[in-house]
Amino acid sequence: MEFTGSHILSIGQFQRADIERVFQVADSMEPYAQRRRVTRVLEGAILGNMFFEPSTRTRVSFGCAFNLLGGEVRETTGFETSAIAKGESLYDTARVLSGYSDVICMRHPASGSVSEFAQASRVPVINGGDGPNEHPTQALLDLYTIRQELSGLNKGIDGLRIAMIGDLKHGRTVHSLCKLLTLFKDIHLTLVAPKELGMPEYILDELRTAGHQVIHSSDMSQGIGNVDIAYSTRIQEERFVSKEEADHYRGRFRLNQAIYTQFCQPNTVIMHPLPRDSRADANELDNDLNQHPNLAIFRQTDNGILIRMALFALVLNVVDQVESCSRAVNWHSGNR
Ligand code: NCD
């Protein structure tokens, strides 16, 4: 794909070579993410960071990634502080804000909304999550993490065995990750979910067309028994009609130290897009795994910076200038 000037809206835009390109550029961002060097390559550029749904790591890591490339960030968070609350359309908002920014990241509760916004935007738009639909940058950072975790075990992504656990119906991270895995070969997926919260049929179709093996299970202990990756997810309470309906599913699949030790193979890597719901009635991924070496959740969040820096550098066509605009840092903020 041509990255320069492109919107990043769906994983469906990417070919396997494009993923390799993103990962290669992400690798080259390490000195800046680790604060060994600073680059000013995006000096003067402005990111419009528009988040109309709760977000911590996606919003902040998009902002930090842009700052780390030398650019500035303007944020809009929540409908109540935006003119959308006065009835303004996505079209008008996009026309206006794209005049103020060089690139826009957007999260919105409605499926397809970020694409609609992008059609009216005069600058590239990156999807930070559109309702239950997609979350392409999360899938990229998840796959980057999977690749990194498995490389230590001399395994690649082809042939991967992964269990996805939880609310697979509403979870946009697993939707995008499944789509991304269709670009690879011989993937074994075990989908662990209550029947009503299963993976949408159109995604199952894409997985089957790719020739992947898909097993459905409502028994987590079985599902996590023979996998490289156990990918846990939160019940997406905000997508249910009522809190009571979400309560019905909360706490069904809990991964903790005892369950991991009893049912997982010793090398199984534990992932979660975060936030994990740490309230007692949910707790899908227990704190007692925090020190476990196979818990990759905070390596995922660190990798989010590299992937988002790479996407900005590619979309704004500055990959070749990052290094020439750089110097060593003046400060030392501890061991990263
Ligand atoms: C996820 C999201 O917002 O889709 N979080 C994230 O971006 N890392 C997952 C979730 O909210 O459960």
Side-chain angles (χ1 to χ4, degrees), residues 11 14 16 19-20 22-23 26-27 135 138-168 171 173-193 198-199 203-204 206-208 210-234 253-274 276 284-286 288-304 306-307:
I11 280 296
F14 291 82
R16 192 159 163 164
I19 305 301
E20 290 307 325
V22 174
F23 288 0
D27 288 343
H135 195 344
Q138 178 73 38
L140 291 168
L141 77 88
D142 285 342
L143 195 71
Y144 185 79
T145 307
I146 292 172
R147 187 187 71 148
Q148 200 171 57
E149 298 290 321
L150 296 190
S151 72
L153 303 168
N154 278 325
K155 289 183 185 175
I157 299 168
D158 292 321
L160 174 75
R161 298 164 305 157
I162 182 168
M164 297 182 181
I165 306 151
D167 184 353
L168 308 183
T173 72
V174 285
H175 298 168
S176 288
L177 185 54
C178 281
K179 282 170 169 251
L180 187 46
L181 289 173
T182 63
L183 298 178
F184 293 81
K185 292 198 190 80
D186 190 27
I187 309 290
H188 298 243
L189 288 110
T190 307
L191 304 179
V192 181
M199 189 65 77
I203 294 179
L204 293 175
E206 290 188 32
L207 291 168
R208 284 189 211 109
H212 296 340
Q213 190 190 91
V214 182
I215 296 168
H216 300 267
S217 174
S218 50
D219 178 353
M220 190 182 79
S221 54
Q222 261 181 15
I224 58 176
N226 187 25
V227 293
D228 304 303
I229 307 286
Y231 189 105
S232 166
T233 66
R234 179 179 69 86
F253 304 118
R254 296 169 189 247
L255 188 54
N256 60 28
Q257 178 76 60
I259 290 170
Y260 180 86
T261 310
Q262 189 180 350
F263 296 106
C264 286
Q265 294 172 346
N267 284 332
T268 296
V269 175
I270 307 161
M271 295 178 62
H272 191 302
L274 301 182
R276 53 181 158 168
E284 69 268 1
L285 183 56
D286 199 284
D288 71 358
L289 284 161
N290 282 0
Q291 304 309 319
H292 199 291
N294 295 347
L295 184 78
I297 57 176
F298 301 117
R299 295 191 282 275
Q300 284 173 268
T301 54
D302 283 351
N303 288 336
L306 299 174
I307 290 293

Compare all side-chain heavy atoms of Thr145 with those of Val269 and state whether any distance is below 4.5 angstrom. no
Report yes if some heavy atom in the side chain of Leu177 is under 4.5 Å from a heavy atom in the side chain of Met164; otherwise report no. yes
Could you list the residues that satisfy side-chain contact (heavy atoms from CB on, under 4.5 Å) with [X], not counting sequence neighbours?
| X | value |
| --- | --- |
| Glu206 | Lys179, Thr182, Tyr202 |
| Asn256 | Ala258, Ile259, Asp286, Asp288 |
| Ser221 | Asp219, Phe263 |

Short question: side chain of [X], backbone of [Y] - any donor-acceptor pair under 3.5 Å?
| X | Y | answer |
| --- | --- | --- |
| His216 | Gly198 | no |
| Thr268 | Ile229 | no |
| Ser176 | His135 | yes |
| Asn303 | Leu141 | no |

How long is the straight-line distance from [atom2] of [Y] back to [atom1] of [X], given to the nearest 0.5 Å?
| X | Y | atom1 | atom2 | result |
| --- | --- | --- | --- | --- |
| Ser218 | Leu191 | OG | CG | 12.0 Å |
| Leu306 | Leu140 | CG | CG | 12.5 Å |
| Leu255 | Leu285 | CG | CG | 6.0 Å |
| Ile157 | Ser151 | CD1 | OG | 10.0 Å |
| Ile215 | Asn226 | CD1 | CG | 9.0 Å |
| Phe253 | Asp167 | CZ | CG | 10.5 Å |

Identify the two heavy atoms, one from [X] and one from [Y], that lie closest to each other, and give their separation to 0.1 Å.
| X | Y | result |
| --- | --- | --- |
| Gly156 | Leu150 | O-CD1, 3.7 Å |
| Thr190 | Gly223 | CG2-CA, 3.7 Å |
| Pro273 | Ser232 | CD-O, 3.3 Å |
| Arg16 | Leu183 | CD-O, 3.3 Å |
| Met271 | Ala296 | CG-CB, 4.2 Å |
| Pro266 | Asn294 | O-ND2, 2.7 Å |

The criterion is ring-ring contact (aromatic ring centres under 6.0 Å, His included); which residues satisfy it with [X], sequence neighbours excluded?
| X | result |
| --- | --- |
| Phe184 | none |
| Tyr260 | His292 |
| Phe23 | Tyr144 |
| His188 | none |

Residues in side chain to side chain donor-acceptor pair (under 3.5 Å) contact with [X], at least two apart in sequence or another chain:
| X | value |
| --- | --- |
| His272 | Glu284 |
| Arg254 | none |
| Asp142 | Gln138, Tyr231, Gln300 |

By salt bridge (Lys or Arg N to Asp or Glu O under 4.0 Å), Arg161 pairs with (sequence neighbours left out) Asp228
Tell me, please, which residues at least two apart from Arg208 pass salt bridge (Lys or Arg N to Asp or Glu O under 4.0 Å). Glu201, Asp205
